[in-house]
Amino acid sequence: MAEGAPMAEGAPMVERPISIVVEVNGLRRREHVMPRLLLSDFLRHRLGLTGTHVGCEHGVCGACTVRVDGIPARACLMFAVQTDGCAIETVEGLAGTGELTPLQRALHEAHGLQCGFCTPGILIAAGDLLERRPGADRAEIEALLSGHVCRCTGYRPIVDAIERVARDAAGHTARGDHADDADDADANGDPGGPGDPGDPGEAA
Amino acid sequence: MTDQAVATRGWIGRALPRFEDEALLRGRGRFIDDLEPVPGAHHAAIVRSPHAHARIRHLDVSAAEAADGVTGVLTGADVQAMSRPFAAAAPSPVPYYAAAVDTVRHVGEPVAVVVARDRYLAEDAAARVRVDYDPLAPVLDARAAVHDSDALVSERSFHYGDPEAAFAHADVIVGGRFDFPAWTGLPLEGYGVVADWDPGAGTLTAWCNFQGPFTLHGVAAAALGLPGTRLRVITPEHSGGSFGIKSGVFVYVALIGLASRKLGVPVRWTEDRLEHLAASQTSTGRCAEIEGAFAADGELLGVRIDAIDDVGAYLRAPEPASMYRMHGALTGAYRVRNLALRARVVLTNRCPSALNRGFGGPQHYLPLEGMMALGARRLRIDPLRLAELNLVRRFPYETPSGGLYASGDFAGCLREARELSGYEARREERRRARRAGRLYGIGVACVVEPSISNMGYVTLVEEEASRGNALPKSGNAEGATVTINPAGGIGVRVSTTPQGQGHGTVVAQVVADALGVDPSQVAVRADADTSFSPWTVASGNYSSRFSGVGVGAALRATEQVAGKLRAIAGHVLGADADEIELRDGVAHLRGSGDGAETTVSLRRLAGMAHWNPEGLPEGLEPGLAATAYYAAPELAPPVDDRISASTENGFVVDIAVVEVDRATGRLAVIDYVSVHDAGRLLNPLLAEGQVIGGFAHGFGAVTREAHAHGADGELLTDTLKDYLCPTPADLPAVRTAHRETPSPLTPLGAKGLGEGTTMSVPAAIHNAVMDALHRDAPIALPLTPARLWELIDA
């Protein structure tokens, strides 16, 4: 709807590229960007990191959530120039070239994703929560996910998956009320647990 | 996730987590906006109407054309000159072009397309397009629109049995007005198109996150003035949800295709959320009046329905199909034989409607089940008991309107739901709560869930006499290709275009069983390429058709390849083909040990088929591939206005227990039970995902989601801050159970299940709220706290 057009009519905007240095998933990048280039567009179309999805461009849906200097941010509400000198983590950096993280595995086992469009933002945000609050409870997880629109799953398997990782991280071994999905996973020979609790920071 | 447990038989029916997940979890999805299928595509921004209804007095694109980086502009006049109106299933009083020509008819209607070097410049230039509008009065009330010949699309009446006599002999007649506003499944990924017009060949290639090709490929091609052979539609591997809403992408295949054709460059467009909410697609709004005639003992004697569908500003194919999708199941779960339906379809100044999860089902069951609830109240019979009294009990059952319920156990589902919910204890709890002055209610919905729609049902919109002019339409075929390459790799192509439903995993399970391999060895592509994929005019993801016909086609093709493998193995092992069993990646001579003389690996068989055609048994062609098509049986074009509108009919019984807070009007769902019979479950994990996901859509629709307009037609729900989707804390825990009465009509006994809870939940929760508030009349949706608060003690 051309809502993004920032300029007053008839007044051509003077834009000059600005040089920024960012560290994205551990790799240092120097880029020249226009001041109005959104962080989401920078990541997706300049760096080719298309795992960060754009679902609303007004900060509600959470699909574009990344971490900037360790803090979750909506990449659609930031300009790339604002991240000059910052470290950015996107979904591509979670497992890198290695094994899936416990949270990724838990989502897989619980059928916590269908179309997968909201998944990257949820992985980043939930990973951040588990890093700050390793034993986060269901209410905290639900509150976190209220900032992430998922239209496929009805959320329950996502909450179950995050809660399972939180419990494992908190050292609980007993299964609670929401172990149904885990049992389903067991039934087909898949490993029932998300693996070693490990350092929850690995998930982020 | 390729390290699944050792291969064993019987993958069908297992709760296997999906093979699709790993790429998505790593951010390696391949969605439309991620792709650069052609080099150098230019970017489009669409100028859209801010008005619901206005005449375009003047359109000036000169400043936009002169702006930095602009390639050019496509206007409504260009669209009119270069294309034809979109066809739909009925003639429309208003021609539908991909952009407005001289009148805009809904907020967000495209007026011009500005194409530039990048999206930022395109949006800059779009802001320089000047449009002078003369606003006109919008039509937003479907009930008023029926009196306007320019708005009335169709009107038909149907009679089955003797409804007049049923009502004349009734002891009790109940009814009311049940309106279902337009809402949306709201896929998180919006529409996207990359269009590349080839002027030399005169062909358009469109990469787009469409959910078919099905009939809409032909509609888009015809609008572009192209034979179907010259429109190639390619869908990406991943699509970020649809729920029917992305069927509307075909309109933008035409619009962006025309921009590419006019400007001579490939053009890409990715819809933003504001565009999506205003102008993509919604469910069909329904205004329904219903009456039920009951005998004093509770027998439902007759039903009369007067339904008006609001399809928005233009008749968008496959509309007016929403009115007829449920036609075979109009009497729902009940034995009643006397039925009258008056079906009218109107245009208003809202966003065009078409497919949305449930497609006509939520709109039908809100009144039908609401009528049952009102009947129970008047008759002083418990609603679950009233349903039970009237349930269809003998199968196969033919409905008065021509539907075939081939198998089922409706009464068993109802019993299971009663037990699971602890129904008697809930009723006791309600008595106690009410004594304490609390607003506590119980609601029931019994829903027949049609799946695998019959292409012919939409022709019901025409009188029988005029239907004869067109070729008959029926059935619902799907195609699949199975290939084993020289290295032994197994590849399957289906054209079922999923948006997250896990078709790839289920196909892999089915193929794995048929070939005796591990499903992780089966690579599946379910995206479509209309030039190279096996597809039919029915192919696509709608009407919960995958588990029946998508799987059916994959199974048929696999069986052909398996037959050839057995023939080669028999030749090698000196046995007949039917003595060969495929298991664990090896062909075994049945009844013998596992020695070298009695087995041969699939890989070796594949190698022979490719490397040594001379060594194959007499008459066998080289290679290992088969394409097969499958159409579900028992579907025919309509006769005497009776039609089996869908192949299969699953069943859902829901029991909702709610409480409305007296002080605030807030609705709390205390318990929700949903019992399903979708035949054989091919993958229970994915089935549960569909049920819970469908629940969230139904819950959103009944509690908060609706497209709202101001009196001047302004769209009030144009951002995600205004159009509210349920969050996890809003959604109650649903307790589910599945019964499995196999379908006799699908190859593996499955029935569709993707839409049932979206159909049942609005009715069950609405009925529970009527009960909580002691209402004997329907309540307008959505059931927001403000609306309920006003009704408390009213």
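For the numbers below, each heavy atom of this structure counts, side chains included, while hydrogens, waters and symmetry mates do not. In what follows, chains carry the letters A, B, and so on, assigned in the order in which the sequence lines appear, proteins first and then strands, with residues in each chain numbered from 1.
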Trainee: So which of B/E271, B/E36, B/R357, B/E705 has the biggest tally of heavy-atom pairs under 4.5 Å with chain A?
Mentor: B/E705

Trainee: First locate atom CG of A/L39, then atom CZ of A/F79, and finally report the distance between them rounded to the nearest 0.5 Å.
Mentor: 10.5 Å

Trainee: Looking at B/W11, is its backbone amide N or carbonyl O close enough to the side chain of B/D513 to form a donor-acceptor pair, meaning the two atoms are under 3.5 Å apart?
Mentor: yes

Trainee: Please check: side-chain N/O of B/T758 versus main-chain N/O of B/G694, any donor-acceptor pairing under 3.5 Å?
Mentor: yes

Trainee: I'd like to verify something: which residue of B/A23, B/A733, B/A696, B/A729 has the highest number of heavy-atom pairs under 4.5 Å with chain A?
Mentor: B/A729

Trainee: Does any heavy atom of chain B fall under 4.5 Å from the side chain of A/H45, the backbone, both, or neither of them?
Mentor: side chain

Trainee: Among B/G240, B/G27, B/P728, B/G693, which has the most heavy-atom pairs under 4.5 Å with chain A?
Mentor: B/P728

Trainee: Under 4.5 Å heavy-atom distance to chain B, tell me which part of A/L38 shows up: side chain, backbone, both or neither.
Mentor: both

Trainee: So which of B/K721, B/H238, B/R28, B/R30 has the largest heavy-atom pair count under 4.5 angstrom toward chain A?
Mentor: B/K721

Trainee: So, are A/R46 and A/D41 salt-bridged, with charged N and O less than 4.0 Å apart?
Mentor: no

Trainee: Where on A/R151 is there a heavy atom nearer than 4.5 Å to chain B: the side chain, the backbone, both, or neither?
Mentor: both

Trainee: Is it true that the side chains of A/N25 and A/T90 contain a donor and an acceptor less than 3.5 Å apart?
Mentor: yes

Trainee: With the threshold set at 4.0 Å, does a side-chain nitrogen-carboxylate oxygen contact exist between B/D124 and B/R128?
Mentor: no

Trainee: Given a strict heavy-atom distance threshold of 4.5 Å, which part of B/L277 is in contact with chain A: side chain, backbone, both, or neither?
Mentor: neither

Trainee: Which bit of A/E92 is near chain B, if near means a heavy-atom gap under 4.5 Å: side chain, backbone, both or neither?
Mentor: both

Trainee: Which atoms of B/T719 are under 4.5 Å from chain A, going by heavy atoms: the side chain, the backbone, both sets, or neither?
Mentor: both

Trainee: Is it the side chain or the backbone of B/D730 that comes within 4.5 Å of chain A heavy atoms, both, or neither?
Mentor: neither

Trainee: For B/Q690, is it the side chain, the backbone, both, or neither that has a heavy atom closer than 4.5 Å to a heavy atom of chain A?
Mentor: both

Trainee: Over all heavy atoms of both residues, which pair between A/T50 and A/R44 is shortest? Give the atoms and the distance, please.
Mentor: O-NH1, 3.1 Å

Trainee: Please check this pair: side chain of A/Q104 against backbone of B/L25, looking for a donor-acceptor N/O pair closer than 3.5 Å.
Mentor: yes

Trainee: Where does the angle between the aromatic ring planes of A/F117 and A/H53 fall among parallel (under 30°), tilted (30 to 60°) and perpendicular (over 60°)?
Mentor: parallel

Trainee: Heavy-atom cut-off 4.5 Å, strictly under: side chain, backbone, both or neither for B/F699 against chain A?
Mentor: neither

Trainee: Return the minimal non-hydrogen interatomic distance between B/P732 and B/F695, and the atom names on each side.
Mentor: CG-CZ, 3.6 Å

Trainee: Chain A heavy atoms under 4.5 Å from B/P110: which part of the residue, side chain, backbone, both or neither?
Mentor: neither

Trainee: Chain A: which of B/L188, B/T727, B/L24, B/V114 shares the most heavy-atom pairs with it under 4.5 Å?
Mentor: B/L188

Trainee: Check whether A/V149 gets within reach of chain B through its side chain, its backbone, both or neither, counting any heavy atom under 4.5 Å.
Mentor: both

Trainee: Which atoms of B/L731 are under 4.5 Å from chain A, going by heavy atoms: the side chain, the backbone, both sets, or neither?
Mentor: side chain

Trainee: Go through the atoms of B/F31 and report whether side chain, backbone, both or neither lie under 4.5 Å from a heavy atom of chain A.
Mentor: side chain

Trainee: Looking only at heavy atoms and a cut-off of under 4.5 Å, which of A/C152, A/P120, A/G51 has the most pairs with chain B?
Mentor: A/C152

Trainee: Measuring heavy-atom distances to chain B, does A/I158 have an atom under 4.5 Å in its side chain, in its backbone, in both, or in neither?
Mentor: neither

Trainee: Out of B/V129, B/L186, B/V691, B/T270, which one racks up the most heavy-atom pairs below 4.5 Å with chain A?
Mentor: B/L186

Trainee: List, one per line, each side-chain donor-acceptor pair under 3.5 Å for residues 497-505 of chain B, sequence neighbours excluded.
Mentor:
| unit_1 | atom_1 | unit_2 | atom_2 | d |
| --- | --- | --- | --- | --- |
| B/T497 | OG1 | B/Q211 | O | 2.9 |
| B/Q499 | OE1 | B/N541 | ND2 | 2.8 |
| B/Q499 | NE2 | B/T497 | O | 2.7 |
| B/Q501 | OE1 | B/Q499 | N | 2.7 |
| B/Q501 | OE1 | B/N541 | ND2 | 3.1 |
| B/H503 | ND1 | B/T496 | OG1 | 2.8 |
| B/T505 | OG1 | B/F19 | N | 2.9 |
| B/T505 | OG1 | B/E20 | OE1 | 2.4 |

Trainee: Under a 3.5 Å distance rule, please check whether A/Y155 uses its side chain to pair with a backbone N or O of A/S146 as donor and acceptor.
Mentor: no

Trainee: Working note: B/E688 + A/R156, criterion salt bridge (Lys or Arg N to Asp or Glu O under 4.0 Å); need CA distance, chi angles, decisive distance, verdict.
Mentor: CA-CA 11 Å; B/E688 185 74 355; A/R156 190 173 78 189; 3.4 Å; yes

Trainee: Does any heavy atom of chain A fall under 4.5 Å from the side chain of B/R26, the backbone, both, or neither of them?
Mentor: both

